[in-house]
Amino acid sequence: MQINAIRGFSDILSEDAALWAEMENLAREVFGLYGFEEIRVPIVERTELFKRTIGDTTDIVEKQMYTFTDLKGDSLTLRPEGTAPVVRAYIENKLYTVPVQRLFYFGPMFRYERPQKGRYRQFHQIGAELLGELAPSSDAEVIQMLEIYLDRLGLKDKTIEINTLGCAACRPAYRDALLLFLKDKVEDLCENCQRRVEKNPLRALDCKSAKCIEATQNAPSTIDHACAECSEHFNGVKDTLEKMAVTFEINPRMVRGLDYYTKTAFEVTATGLGAQNSVAAGGRYDNLTKELSGPEVPCFGFAIGFERLAMLLNKENFNKAKKVVLIALGDDAVTAALKKGGTLDTLREAGLRVIFEHSEASVKSKMKKANKLGADYVLIIGEDELKEGTVTFKDMEKGEQVKTQLSDIIKMVKA
RNA sequence: GUGGGCGUAGCUCAGCUGGUUAGAGCGCCGGACUGUGACUCCGGAGGCCGGGGGUUCGAAACCCCUCGUCCACCCCA
C-alpha cells in the first residue's frame, strides 16, 4: 500500500519551489527596506493563545484548528495564523522595551477545511507586524510596503480595499444600529445570513448573494458610526495613502474574520483565484497585546496567502539562470573536470550553474539526458579537447557548436 | 460539515444502448546514427479500468458501499 500525502497538504516541487524562493527573497529585500526584521516563531502553540486572540466563536477556532493533547496532557494547536504567535513572542521576550518593533514572518499555517482552489489545510503566509506605532500614517506605510512588494513581483490587476471597523468605543453602537436596520429585512436575506444575523450581523454585509447585497444596500456603515478618534484615524490613513499615490478603494462592507482587529482593515484582492479572491489582508489590532496580558501597544499588520500569490504570478519570469551540462569523455577528461581547480570548479566559481553528467553511457545518451534536464548549453571535453586545451560548446536551442577556450565559454553563457 | 464533477498506461484523455485480444496522443526504452540532444523513421515495454460488493451467460461501462481528487457552499490569506 502506497503512502500518500494527507489531504490538503502538498509538496512544493522544483518549479514552484524556485518561484517560492524568489518570492521569499524579494519579501526579505522589500520588507527590509522598510526596517522589518525576521522573526521565527514555533508552529505549535498553546490552544489558549488562539482562542483568546482569534476569538472563541470564530469558525477558525470553533472548527478549523488542528488541536491535540500532548503526552503531558496540555492542549496544543498547530498555528492557524501568524499574528498571535508573533504577539505572544513580542510580549514574552519583552520586545516592547524598544518603542517600535517591525517584524515579519514566513511559514506554514494549518486549518482543517475542505480543500479547494486557493485553499489548503497546510498553507503558507508571509506577514508583517508593526508594533508600537499609533499614527495613521504608519498604517498607510505598511500598506504601501505591501503594494510595492506585489508590484515588484509583477502582480497585475490587484485591488486594495480599506475600511474602518471602529474600536471598543464605537463598535457596539454600530452593531446595535445594524441590528436595528436588519430587523425588518431578515426575510430578504439569504438563508445563511438569516441564520447568523444574531450572532454575527456584520457578515450580512460581506455576503456575496444577490439577495443580501440588495437587502443591505442602505445599511448603516462602520464609517458613519465611527467615533471621533476612529474617524480621524481613518481620514489620516486615506490622506497618507493618497500622498503616497497608493491606489485604493473604500469598501464600507468589508469585515474581518478574526476578532482582534480594530480601526483600519484592508484587503488586497485579485481575480484568478477561483472562489477565493483575497491575496493578502490585514489591519490594526490595538487591543491584542493587552488581551495577552502584555502592555497596551498599538499594532498594525497583514498576511499574504503565499499559495494564492504564487498562483497569480507567471512562473516563466522567475528562475532564469542558464543551465550548463558538462560531458567528459574518458578517464583523463573526467579527472580534468572533477579535480580541484578543474573545469567544474572554474565554471562554478565563475557563477555558472553546471550539472556534471556522471553516467558512463555513450555521448548520444549523455546528450539525451542533457536535453531532458533542460540544458541551455552542453560542454564536451574529450581527448581532442584535452590535447588542444579547448572545450566544445553547444547551444542546445540553436543547435550550433564551437570549440573554444573555457574563458570564452563563461563569457558566452553570461551574455 | 453540505453539494456537484471526476478516478482507465508515467501524463492528458477516448472507450457507443453491457459483448469477448482495453485504445490514442504525449512521455519512456531500444534501433536507424559506436563524439552529439531536440526533428524524422522503425521497433518495444508499460493497465487488479481507484478499492469492495452486487446484477448478468458476460461489467471499464449498470446498482450499492467505500476511498481519493477537483470545484463550489461555508469560511478565510
Side-chain angles (χ1 to χ4, degrees), chain A residues 1-8 10 54-55 57-65 79-83 106-128 146 150 190-193 195-196 200 203 206-209 254-258 261 266-270 273-283 301-312 325 327-330 333 357 361-386 392-401 403:
Chain A
M1 181 72 170
Q2 185 180 315
I3 299 172
N4 294 329
I6 59 178
R7 179 166 222 202
S10 41
I54 297 171
T57 61
T58 57
D59 274 22
I60 294 176
V61 170
E62 276 188 338
K63 46 194 185 191
Q64 299 180 350
M65 294 205 303
R79 62 184 187 195
E81 62 107 31
T83 299
F106 172 73
M109 307 295 163
F110 306 85
R111 292 183 200 172
Y112 191 87
E113 302 179 83
R114 284 286 279 269
Q116 68 185 69
K117 194 177 177 75
R119 199 178 75 181
Y120 312 99
R121 288 183 174 181
Q122 182 189 62
F123 62 101
H124 295 72
Q125 290 187 331
I126 190 158
L146 175 60
L150 296 176
C190 74
E191 285 179 30
N192 274 316
C193 289
R195 185 166 41 77
R196 65 192 174 192
N200 196 347
R203 276 281 155 222
D206 200 33
C207 184
K208 281 172 244 166
S209 94
M254 182 176 62
V255 300
R256 301 277 67 201
L258 288 69
Y261 286 108
F266 81 104
E267 197 164 329
V268 180
T269 57
L273 292 168
Q276 276 50 247
N277 65 355
S278 171
V279 196
F302 66 79
I304 303 171
F306 225 59
E307 283 83 354
R308 292 184 186 178
L309 180 55
M311 212 185 307
L312 295 169
V325 168
I327 293 175
L329 305 169
E357 175 45 53
S362 62
V363 177
K364 181 188 178 66
S365 88
K366 284 168 185 270
M367 287 296 293
K368 253 183 159 162
K369 278 169 92 173
N371 190 55
K372 292 275 155 53
L373 284 168
D376 296 289
Y377 308 107
V378 170
L379 306 186
I380 301 171
I381 310 175
E383 283 177 31
D384 298 348
E385 287 87 349
L386 264 189
T392 295
F393 172 86
K394 179 158 190 172
D395 183 317
M396 294 295 274
E397 199 189 334
K398 291 182 186 155
E400 295 162 1
Q401 71 180 50
K403 238 191 232 181

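Worth saying up front: this structure is predicted, and the values here are computed from it rather than measured. Proteins get letters first, then strands, A, B, ... in listed order; numbering begins at 1 in each.
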Legend entry - Pair assignment for B/U2, Watson-Crick or G-U wobble, requiring both distances under 3.5 Å: B/A72
Legend entry - Side-chain N or O of A/Gln116 closer than 4.0 Å to phosphate OP1/OP2 of B/C73: yes
Inset, instruction - Determine which nucleotide pairs with B/G7, using a 3.5 Å limit on both distances of a Watson-Crick or G-U wobble pair. - result: B/C67
Legend entry - B/C41: pairing nucleotide in any strand, Watson-Crick or G-U under 3.5 angstrom: B/G31
Inset, instruction - Would you mind telling me which residue lines up with the more 5' stretch of RNA chain B, A/Tyr112 or A/Val279, judged by nearest nucleotide? - result: A/Tyr112
Legend entry - Distance between C1' atoms of B/U56 and B/G18 (Å, rounded): 9 Å
Legend entry - Aromatic plane relationship, A/Phe106 with A/His124 - under 30° parallel, 30 to 60° tilted, over 60° perpendicular: parallel
Inset, instruction - Please give the nucleotide sitting opposite B/C49 as a Watson-Crick or G-U wobble pair, both distances under 3.5 Å, or none. - result: none
Inset, instruction - Could you say whether A/Ser362 or A/Ser365 is positioned toward the 5' end of RNA chain B, judged by the nucleotide with the nearest heavy atom to each? - result: A/Ser362
Inset, instruction - Examine the base of B/C67 for any acceptor or donor lying under 3.5 Å from a partner atom in the side chain of A/Arg7, and report the outcome as yes or no. - result: no
Legend entry - A/Glu113 backbone acceptor or donor facing A/Arg121 side chain under 3.5 Å: yes
Legend entry - Distance, P atom - from B/G25 to B/C33, rounded to whole angstrom: 25 Å
Inset, instruction - Confirm from the modelled atom types if A/Lys364 and B/U36 form a donor-acceptor pair under 3.5 Å, side chain to base only. - result: no
